[in-house]
Number of protein chains: 2
Amino acid sequence: MAWDTEGTKRRIREAAVSEFARFGPDGTTIERIAGAAGVNKERVYNYFGGKRSLFSTVLRDELAKVARAVPVESFATEDVGDYAGRVYDYHRERPELTRLLRWEGLAFDGEVPDEELPRRYYGYKSAAMSDGQEHGAVTRSIDADHLTFLVLSLAGWWSAVPQVARMLAGPPTEQEHARRRAAVVEAARRLARSP
Amino acid sequence: MAWDTEGTKRRIREAAVSEFARFGPDGTTIERIAGAAGVNKERVYNYFGGKRSLFSTVLRDELAKVARAVPVESFATEDVGDYAGRVYDYHRERPELTRLLRWEGLAFDGEVPDEELPRRYYGYKSAAMSDGQEHGAVTRSIDADHLTFLVLSLAGWWSAVPQVARMLAGPPTEQEHARRRAAVVEAARRLARSP
DNA sequence: CTCGTTTCCAACGTTTGCGTTGGAAAGAGG
DNA sequence: CCTCTTTCCAACGCAAACGTTGGAAACGAG
């Protein structure tokens, strides 16, 4: 069999996403990642230089993915509620990114390296919101950056404190998820409503 | 010096809150808790029966604290925006509870024991929201339980993903915190606004 | 086919944290 | 005092994860 360096790296990354998302930086072991990827752990150190570095790498990858999966141009033409609903869906279908983000927020806050790329992604969202304000489609009573963040919070908090969600709204059956999603959409519209 | 069993337990609990909130269940060691409390780690095992059990205990304690610190009777008479602002303040001044909740959400979801007490606390909030709806002070377009949760999300997401907040809205100076708080208050009012 | 390079892994030493144990020191009751 | 109970801790064995190393196996250029 021929060498498959890229394939090996990719398998390590995939395993790392899954493990880190599930167990967090501290709960994850390099050994288990290597095992899941079907390689020796030395490969992980050699390719990615340790746990912390690997974590950053996969988080960056996932951020790029979500930027492609839930794009937005301008809230002058796109509905904020729809957008919030799509974000909710993404969190539900692909919990990895949001979990990684929250692990990072808890474990690594204040020492997050290389914020340039993510900052650009969020800048786009914020600009889309500004655009909506300038065209009168979105309220000006909340600054665009804050409003963007708050819309994301409506979609994200559910997975951040699932125990609380469960105690307040009941177990997340398929039907309950639909209700939650509808609430998020409606709430985002109410938040951004123009006059 | 006389025995001070209660004092010892209390010091362990206090140290545990601080350590768990900062480092999470996996990042925290019983040894460090014991060290910070000035006792031997055997005391921790003897009094609290292990790491997981201690975590639950201190989380329960903190939940009881917040229920007393940010009370609410009915949103028929109290303003939802003010309430959201106070929750934001609490998260800012006492980050322990919200961090513990989020660690639990990430590390222990699905295996949270003894939900009865917390469920009651959240039931009160939800009832206060229902009351607001019945008196026409709060919109009926979102169910009370979901609306309650969404208001909490506005106040909570900031600390859940501080990196994201920073990238969108800038570093959390005193002034920026004031802006964020104002945005939360305004957003909660828009969410709940009646007609 | 041969030699140098790259990819890979089994095995190792070290550290760290868990949870336990055996027994010392402090108090309480007679 | 003496004895019995409770609180406390130093020290231990065990297990797991870290990060490294020495060398084998696969490739490819000449």
Side-chain angles (χ1 to χ4, degrees), chain A residues 1-59 61 99-100 103-104 106-108 111 113, chain B residues 1-61 99-100 103-104 106-108 111-113:
Chain A
M1 200 185 355
W3 293 129
D4 183 15
T5 309
E6 281 315 307
T8 300
K9 287 185 185 176
R10 184 183 42 74
R11 288 209 314 283
I12 291 174
R13 271 200 298 264
E14 286 170 2
V17 167
S18 166
E19 293 287 317
F20 277 135
R22 216 194 275 279
F23 304 107
D26 287 320
T28 294
T29 72
I30 299 287
E31 234 141 0
R32 224 177 23 224
I33 291 177
V39 303
N40 186 276
K41 69 176 166 167
E42 179 270 352
R43 287 293 85 198
V44 180
Y45 287 104
N46 191 299
Y47 286 146
F48 297 97
K51 192 194 272 197
R52 181 61 214 277
S53 168
L54 178 57
F55 185 89
S56 297
T57 301
V58 298
L59 177 49
D61 287 357
R99 289 181 63 91
L100 290 174
W103 283 118
E104 185 185 49
L106 277 169
F108 298 137
E111 40 167 326
Chain B
M1 203 186 349
W3 294 128
D4 183 15
T5 309
E6 281 315 307
T8 300
K9 287 185 184 174
R10 184 184 42 74
R11 288 209 313 282
I12 291 174
R13 271 200 299 267
E14 287 170 2
V17 167
S18 166
E19 293 288 317
F20 276 136
R22 214 194 277 279
F23 304 107
D26 287 319
T28 294
T29 72
I30 299 287
E31 235 141 359
R32 222 176 23 223
I33 291 176
V39 302
N40 186 277
K41 70 176 166 168
E42 180 271 351
R43 286 294 86 197
V44 179
Y45 287 102
N46 190 299
Y47 286 145
F48 297 96
K51 193 194 270 197
R52 181 61 214 277
S53 168
L54 178 57
F55 185 89
S56 297
T57 301
V58 299
L59 177 49
R60 211 89 46 75
D61 287 357
R99 288 181 64 91
L100 290 174
W103 283 119
E104 184 185 49
L106 278 169
F108 296 137
E111 41 167 325
V112 179

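Naming: A, B, ... by sequence-line order, numbering from 1 per chain.
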Closest listed nucleotide, where the reference is the side chain of B:Arg43 and the choices are C:dC9, D:dT7, D:dA10: D:dT7
By nearest atom, which of the nucleotides D:dA11, C:dG17, D:dC18 is closest to the B:Glu31 side chain? C:dG17
Heavy-atom check, side chain of B:Thr5 versus side chain of B:Tyr47, under 4.5 Å: yes
Along DNA chain D (nearest heavy atom to each residue), the more 5'-positioned of A:Glu42 and A:Pro25: A:Pro25
Roughly, in whole Å, what's the span from OH in B:Tyr45 to P in C:dG17? 11 Å
Among the nucleotides D:dC18, C:dC18, C:dC9, which one has an atom lying closest to any side-chain atom of B:Thr29? C:dC18
Rounded to the Å, how far apart are A:Ile30 CD1 and C:dA10 C1'? 18 Å
Rounded to the Å, how far apart are A:Lys51 NZ and C:dT15 P? 18 Å
d(CZ, A:Phe48; P, D:dT20) in whole Å: 16 Å
Give a yes or no on whether B:Arg32 atom CZ has more than 12 heavy-atom contacts from other residues, nucleotides or ligands under 6.0 Å away. yes
Could you state the atom-to-atom distance from CD of A:Glu6 to P of C:dC8 in whole Å? 10 Å
I need the CG-C1' distance between A:Asn46 and C:dC9, as an integer number of Å. 12 Å
Closest nucleotide among C:dT7, D:dC18, D:dT7 to the A:Thr5 side chain: C:dT7
Assign each of A:Arg32 and A:Asn40 the nucleotide of DNA chain D bearing its closest heavy atom; nearer the 5' end lies the nucleotide of A:Arg32
Can A:Arg52 be said to sit on top of A:Phe108's aromatic six-ring, NZ or CZ under 6.0 Å from centre and within 45° of the ring axis? yes
For residues A:Ile33 and A:Phe20, determine if any side-chain heavy atom of one lies less than 4.5 Å from a side-chain heavy atom of the other. yes
Between D:dA17 atom P and B:Asp26 atom CG, what is the distance in whole Å? 10 Å
Compare the minimum distances between each of D:dC9, C:dC8, C:dG17 and the side chain of A:Thr8, then state the nucleotide with the smallest one. C:dC8
If I take atom NZ in residue B:Lys9 and atom C1' in nucleotide D:dT6, what distance separates them, rounded to the nearest angstrom? 12 Å
So, are B:Arg10 and B:Glu14 salt-bridged, with charged N and O less than 4.0 Å apart? yes
Return the nearest nucleotide to the side chain of A:Lys41; candidates are D:dC8, D:dG19, C:dC9. D:dG19
Looking at B:Tyr47, does any N or O in its side chain come under 4.0 Å of the phosphate oxygens OP1/OP2 on D:dC8? yes
